[in-house]
Amino acid sequence: MELLLLLTPFLEASLRTATPLAFAALGELVSERAGVINLGLEGCIIAGCFGALLAAGIGGPAIGFAVGVLSGMAIAAVFAIFVLVLRTDQIIAGTAMTLLALGLTGTLYKVLYGASGAALGTPTVGPWAVPGLSAIPVIGPALFRQSVLTYLLYAAVPTLAWWMHRTGAGLALRAVGERRAAAEAAGIDVPRVRWGAILFAGAFGGLSGATLVLAQVGTFNEGMSAGRGFIAIAIVVLGRWSVVGTAMAALVFGAAFALQYLFQALDVQLPYQLFIAFPYVLTLVLLAVVRGRTAAPLELGLRDGTR
Amino acid sequence: MDALAALWDGAFGSAFAIWSATLVRATPLLLLGLAVALAFRAGLLNIGAEGQLLMGAVGASAAALSLGTAPRAIVVLAMLAAGATGGALWSGIAAWLKRRFGVLEVISTIMLNFIAAALVSWLVRGPLQEPTRIYPQSSTFSASAHWPFLIPGQRLHLGFAIGVVLALVLWWWFERTAGGFRVRAVGAGARAAASAGGVDVASTVMRVFLVSGAIAGIAGAAEVGGVTWALYEGLSPGYGYTAIAVALLARLDPRWIIATSIFFGALEAGAAAMQRDAQVPAVVVQIVVALVVLGVLAVTALRDKQMAQRLAVDAE
Amino acid sequence: MTREAALVLSGIRHRFGRTLALDDASIAVRRGTVHALLGENGAGKSTLMRIAFGMLRPEHGTIHLDGDAVAFASSAEAIAQGIGMVHQHFSLVSTMRAVENVALGARGRLDLAATAARMTAVAHATGLTIDPAAMSGDLSVSAQQRLEIVKALVRDARILILDEPGAVLTPDERAELDRWLRHFADGGGTVVLITHKVREALAVADDLTVLRRGRTVLHSARADVTEDAVIDAMTGESDVGAAWRIARTESDRPTAGAAALRSGATGTPVLALDHVHVVDERGVTRLADVTLTIARGEVLGVIGVEGAGARELLRVLAGRLLPSQGTVTRPAHVGFIPEDRLHDAVVPTFSLTENLALAEAGAARGTLDWRALVARTVDVITAHDVRNGAPERRIDTLSGGNQQKFVVGREDRIGLDALVAENPTRGLDLRAAHAVLDIVRRTGGGDVPSRAVVFYSTDLDEVLSVATRVVACFNGTVREVRPAEDPADRTPYARALVGAS
Amino acid sequence: GTKTSGNDGAFRVALLTPGPISDQAWNSSAYKGLERIRDSLGAEISHIQTKTPAEFEENFRQYGAKGYDLVIGHGFEFQDAAQRVGPEYPNTIYVTTGGSGTGPNIAALSFAFDEPSFFAGIAAASVSQNGVMAVLGGTELPPVKSSFAAFEAGARSVRPDIQILTAFIGNWDDAAAGKEQALALMSRRADVIFQNADAAGLGAFQAVRERGKAWIIGANADQNQVAPEVTLGSVVIDLPHAFLLVAREVQDGSFTPRVVHLDTKSDVVRWVPNPSVQVLSKMVTDHIDGLRAQLIAGTFTLPMASAP
Ligand SMILES: Nc1ncnc2c1ncn2[C@@H]1O[C@H](COP(=O)(O)OP(=O)(O)OP(=O)(O)O)[C@@H](O)[C@H]1O
Ligand SMILES: Nc1ncnc2c1ncn2[C@@H]1O[C@H](COP(=O)(O)OP(=O)(O)OP(=O)(O)O)[C@@H](O)[C@H]1O
Ligand SMILES: [Mg+2]
Ligand SMILES: [Mg+2]
């Protein structure tokens with residue numbers, strides 16, 4: 001009985017936790033479908049966190065989101081210069097970008113907010129219950145008493161899936177990641193597509209960070225992205241490089257984390273490390289059990305110019 | 001400027017900086033870099049060096065604690081073996097998942113990294129906790145489990161020597177032996193290796209996965225045996241991830257990994273000095289490190305372009 | 001009859017790094033004609049046409065399209081101007097459906113239904129039928145080629161460039177393609193056909209251009225040249241051309257080997273299959289109950305259409321595929337020349353020496369003697385005339401033909417007792433192809449037959465020129481083809497290909 | 001090496017923290033302590049953020065070699081490093097906050113953090129409507145564990161039937177995870193949350209502020225101003241005060257290496273109710289004040305925490 005009462009908060013927490021993960025993973029998905037693995041995603045997220053905090057304090061949440069997105073794109077742009085112009089290794093460049101962004105945001109935070117930090121003074125966007133829909137028992141509040149970002153995600157998933165499969169640009173993106181030479185032969189400007197994809201990933205990474213700050217935590221702290229960029233990359237693999245799959249995989253992760261929180265709150269007398277490891281063990285089990293084609297884009301991770 | 005001077009001094013400015021800071025920090029990166037390079041050479045994306053290091057540390061600590069005050073040579077050898085076994089067991093899980101269920105190692109190894117961290121966190125509060133059961137760590141190992149130092153008065157330990165020897169052996173093995181050549185062939189063109197060379201690709205890859213994990217495990221053993229003398233949580237600040245950059249920057253060449261691991265070791269040692277001596281905040285240090293890595297990357301990229309042009313000349 | 005020039009390239013020079021690929025190359029293609037572009041491996045044919053297609057920008061020279069000077073910045077512009085190109089190495093995304101490959105490059109909303117409809121329309125008009133929903137990677141090679149052509153036609157290509165389309169087609173498919181090209185030209189379309197098969201070119205072309213070492217050395221209407229003149233132009237050395245013509249006439253005599261076999265040159269069995277079955281991962285039977293013996297001194301010719309089982313037969317004989325059932329007898333080392341060189345035979349990023357070592361990688365133990373391997377590599381390079389070959393050179397810096405020569409040379413050494421070759425002359429120029437066929441034919445030294453050879457080709461002439469015996473694969477079964485009384489009569493083979501007895 | 005480069009004779013103090021000093025809790029108050037030493041004693045200071053045991057040791061050595069007079073490792077986790085490095089640099093005094101090891105030049109500060117935690121437990125139990133409360137930590141460290149146990153003991157001393165949930169985030173910086181964990185605890189009807197998770201704990205403040213109907217308690221620093229409207233109070237270690245006490249002794253040479261017990265009596269640890277909310281009844285505050293006086297007088301000892 002008690003457990004049933006926990007269902008709604010559990011589902012609610014699942015979606016809430018999944019939202020920033022899904023944004024980041026969808027961004028990474030687009031980048032990977034163009035053949036670029038972006039380990040700088042973590043950096044884009046933390047940049048988004050910081051940009052959002054800074055701008056929201058000045059101009060309110062809407063400006064905060066915009067600047068968060070732009071901050072993620074700025075980090076992504078530097079990454080793109082290394083990967084596409086200098087044609088360096090994607091993995092090293094991405095790792096360095098993450099380091100750079102963590103350092104930059106930490107430094108600026110310190111400079112602008114001092115050692116005492118920004119506290120919880122940032123305006124946030126709280127949950128907004130969709131009239132009517134949120135009244136549906138159990139799932140209503142879970143699905144429709146969320147922040148506006150989650151609703152944006154509801155829209156982004158089908159839009160992105162549609163774009164990827166029903167537009168020429170989406171087709172071009174996929175072709176670039178699968179077989180660069182074929183795309184070139186069809187007259188597609190491969191570097192341009194990759195630029196676009198990397199910037200998109202940066203934007204969504206930034207959005208993910210902005211969501212963390214403005215729709216969830218309400219403040220910033222060094223390293224608050226806490227490895228979400230890497231988890232997002234795992235989510236893309238778990239989602240088998242499809243838009244809907246990635247969204248579902250993000251939800252699975254969200255649910256696993258929510259379940260972890262709930263387990264601990266249930267006062268079960270087990271080592272807490274067991275709960276903390278739970279989402280990752282679950283992922284391994286799912287990967288083994290849910291069989292299917294593993295379909296990494298064929299050009300993924302290849303250095304530009306090495307063909 | 002002060003900061004950069006501190007960076008240099010902290011890395012190479014004194015005997016202590018070189019032998020007790022830079023090279024000590026380079027040691028896990030060297031071993032892990034080799035583990036990563038071996039796997040990548042075989043086309044295996046082992047991102048799990050971090051977790052394999054932790055499990056190697058667990059294995060070596062268990063060996064050290066259970067052997068107590070047995071003769072040093074025996075304890076150290078046992079720690080090496082147990083560390084390698086711990087790492088190989090951990091990479092073996094990913095290998096098994098890959099072979100049995102086709103789970104991509106890129107993701108399974110990342111998940112196993114998180115799980116290993118949780119496992120260590122539990123072990124140091126459970127079976128391997130020190131006897132007073134207060135602190136989340138093991139007892140300090142007895143002296144016979146302390147790996148020998150290489151230079152009197154300095155902290156550089158046996159692990160580094162093992163790393164250097166392993167690097168040279170691995171290089172020799174890649175270049176001169178049939179087994180090493182097979183691994184390279186599998187990584188560079190699995191289909192051709194199977195079709196033209198009759199290589200059993202799947203089992204080659206599995207073996208590489210285990211050996212890669214074992215080397216990473218030795219890194220863990222070296223860290224507890226040479227540096228910390230006890231098992232702690234938070235043993236690695238992400239060495240396993242840095243090692244990927246170490247290996248890639250060396251173009252997966254074991255000899256160059258000696259150089260790149262020292263480069264990253266120096267960066268970390270120098271970065272600490274920047275904080276200590278120039279009062280540069282930790283976050284700024286991160287920026288400097290990132291910029292140095294990006295700088296090196298840009299320079300090598302430009303050199304590559306020139307190389308490509310020179311190759312075109314040769315092709316004439 | 002004079003037709004206006006549709007596509008004219010003149011004075012083209014192009015370098016890759018410091019490799020001068022084209023140096024004063026020209027071609028003038030008249031509208032409504034099929035124009036053959038000939039040359040040996042590495043002559044610059046593909047490069048010239050990639051320039052015409054906007055993929056490369058020449059260092060020097062002009063391009064005129066319908067009389068107007070053009071300078072394409074990208075292939076997108078060339079496509080927009082009505083040029084279509086089918087590349088030597090297909091540029092299909094194998095993980096996408098046929099219809100998506102056709103739509104690739106389109107802008108705005110993607111209307112796959114409309115694209116599929118256009119594909120159907122093209123199929124009606126031309127006979128080039130492709131299932132729009134098929135996964136490109138699952139298509140047969142000839143279907144992939146059709147798809148490449150359809151891609152161009154759906155975009156209203158008026159000028160169609162085909163880079164060595166014949167290399168992967170069976171004779172029937174080849175003939176079908178030629179008929180279609182003729183039809184396309186008669187309807188006002190323009191075709192540039194890149195090939196190094198002279199006879200093929202002469203059979204279909206209205207005009208031809210010959211490149212040698214990046215220069216145009218011959219430009220003529222079909223009616224004004226002889227086969228010999230074209231060959232001389234290609235090779236540049238009339239004595240070589242002459243030597244080769246003699247060789248060619250000999251090898252062209254059908255079933256020259258069969259005669260040898262009948263004369264009683266049998267040896268001991270080397271390769272044997274006993275009730276062999278092969279079932280693939282999807283559970284489809286690829287070979288059904290095959291029993292076959294190949295003796296020393298024999299060249300077994302294998303024919304069969306895509307998917308008939310020849311691929312599996314060759315791999316089982318070469319020891320590259322384990323049968324699901326039945327027994328295989330074979331020597332420890334069987335030389336194998338697979339069709340897909342870049343994937344199955346060589347590691348592109350490895351040096352020639354390393355690629356030589358590759359062939360023994362599975363069995364080798366202990367350390368490798370690089371010094372000896374280098375020496376052997378040099379042997380192969382010299383013995384097989386691998387142009388630009390050097391032991392430490394990366395194999396992917398060689399032209400395709402020279403890569404193939406190297407592979408053949410390598411396998412020739414290994415396959416001392418048995419050699420299996422799958423379409424080994426694919427992409428090779430006349431001279432190189434001839435050298436390969438020579439190796440295949442050379443089953444023995446002196447009067448002792450020393451090895452058993454299995455030879456598969458989509459070119460029936462080629463098979464008949466080397467084989468002492470021919471088997472046909474059909475639906476997983478393998479049957480020996482008994483030649484007709486008149487050795488020139490191809491009917492028995494044609495019937496065997498379609499399963500008729 | 002044991003060489004000392006005590007160049008100009010300036011008093012030099014170094015601090016090693018295990019995390020970023022922007023956490024508004026454990027690390028930031030230590031840094032404030034270091035600044036206090038500089039400002040009050042004119043010391044030359046240095047700070048470094050360290051993560052791994054290997055780094056603890058290396059930096060202890062580096063500061064010793066540079067001739068620092070006082071090196072503070074902020075946490076019990078530094079004690080092994082101090083034990084190893086201390087003998088090599090006898091002119092430097094190594095102090096760890098927490099831990100129990102001492103030596104000729106090694107000392108430990110021991111905070112009786114459980115005393116104010118006990119009071120916090122009493123206060124919390126008195127405002128809990130549901131009879132369910134929660135403790136939320138970063139990772140399970142000894143001081144955190146004993147503080148939580150004392151909190152529980154305090155709560156049970158006034159409401160024996162109260163239920164207390166325990167959860168750990170697994171790290172100290174994932175604020176979003178801190179928030180979700182707090183929300184999960186609240187969904188189990190916990191209406192007072194005692195958090196000790198540094199930066200990650202900020203998420204718990206946000207959770208309570210957003211969801212309401214619960215109180216939160218700060219730890220380590222005075223966190224009453226983080227979310228004033230929902231904070232019941234803070235269990236504070238006055239690190240600046242403690243650091244200054246020790247540094248002053250070190251500077252004037254009167255310091256004797258020992259375990260320095262800093263407790264309610266020395267006024268280094270305190271239960272600080274949030275002045276902006278007046279929910280604690282006079283009875284409760286009087287009760288706490290009474291116990292506090294007895295504690296200082298030595299007439300009251302904390303009951304052993306009754307671990308569930
Ligand atoms: N991308 C490239 N980089 C460097 N050299 C190249 C490149 N492409 C072609 N070449 C060189 O340019 C010359 C002409 O090559 P091209 O591919 O045009 O020859 P081809 O006539 O098409 O030969 P084939 O019959 O073998 O296809 C060759 O020497 C080749 O090695
Ligand atoms: N891994 C390798 N791949 C390809 N070729 C190799 C490899 N290793 C060596 N070789 C080549 O094999 C040849 C012989 O190698 P090796 O280094 O043993 O002889 P060497 O250079 O004559 O001797 P020394 O070591 O005295 O210089 C050299 O030409 C070298 O380029
Ligand atoms: Mg060509
Ligand atoms: Mg040599």
To the closest 0.5 Å, what do you measure between [atom1] ([X]) and [atom2] ([Y])?
X        : Y        : atom1 : atom2 : value
D:Ile21  : A:Glu222 : CD1   : CD    : 8.0 Å
A:Leu266 : D:Ser187 : CG    : OG    : 8.0 Å
D:Ser22  : A:Phe220 : OG    : CZ    : 8.0 Å
A:Glu12  : D:Leu183 : CD    : CG    : 8.5 Å

Which atoms of [X] are under 4.5 Å from chain A, going by heavy atoms: the side chain, the backbone, both sets, or neither?
X        : value
D:Ala175 : both
D:Leu136 : neither
D:Thr139 : both

Show your working on side-chain contact (heavy atoms from CB on, under 4.5 Å) between A:Met224 and D:Asp174 and close with a plain yes or no.
-> CA-CA 5 Å; A:Met224 68 179 290; D:Asp174 190 343; over 6 Å; no
Are more than 12 heavy atoms from other residues, nucleotides or ligands located less than 6.0 Å from atom CD of D:Glu229?
->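 Yes, enclosed.
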Is it the case that the side chain of [X] and the backbone of [Y] share a donor-acceptor pair, with hydrogens and angles ignored and the cut-off at 3.5 Å?
X        : Y        : value
D:Gln181 : A:Tyr261 : yes
D:Lys179 : A:Gln216 : yes
A:Gln264 : D:Phe168 : yes
A:Asn221 : D:Asp173 : yes

Could you tell me which portion of [X] (side chain, backbone, both or neither) has an atom closer than 4.5 angstrom to a non-hydrogen atom of chain D?
X        : value
A:Pro20  : neither
A:Ala215 : backbone
A:Ser225 : neither

Run the numbers on A:Gln260 and D:Glu180 for side-chain contact (heavy atoms from CB on, under 4.5 Å), then give the verdict.
-> CA-CA 10 Å; A:Gln260 189 271 106; D:Glu180 286 302 331; over 6 Å; no
Evaluate the side-chain proximity of D:Met186 to A:Pro9: yes if any heavy-atom separation is below 4.5 Å, no if none is.
->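 A side-chain contact under 4.5 Å is absent here.
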Would you call D:Gln206 and A:Thr219 a side-chain contact if the rule is heavy atoms closer than 4.5 Å?
-> no
What one should report as the nearest heavy-atom pair of A:Val217 and D:Gly203 is CG1-CA, 4.3 Å
Do you know the tightest heavy-atom contact between A:Pro127 and D:Glu210?
->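 Where A:Pro127 meets D:Glu210 most closely, the heavy atoms are CD-OE2, 4.1 Å.
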For the candidates D:Ala199, D:Ala177, D:Ala190, which exhibits the highest count of non-hydrogen atom pairs separated by less than 4.5 Å from chain A?
->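 That would be D:Ala177.
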Which of the residues D:Ala200, D:Gly19, D:Ala176, D:Gly170 is involved in the greatest number of heavy-atom pairs with chain A at under 4.5 angstrom?
->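 Of the candidates given, the most pairs with chain A belong to D:Ala176.
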Stepwise side-chain contact (heavy atoms from CB on, under 4.5 Å) check, D:Glu140 with A:Tyr272 = CA-CA 9 Å; D:Glu140 194 193 48; A:Tyr272 73 91; 3.5 Å; yes
Full working for side-chain contact (heavy atoms from CB on, under 4.5 Å) between D:Gln163 and A:Asp267 | CA-CA 10 Å; D:Gln163 190 189 357; A:Asp267 219 17; 4.2 Å; yes
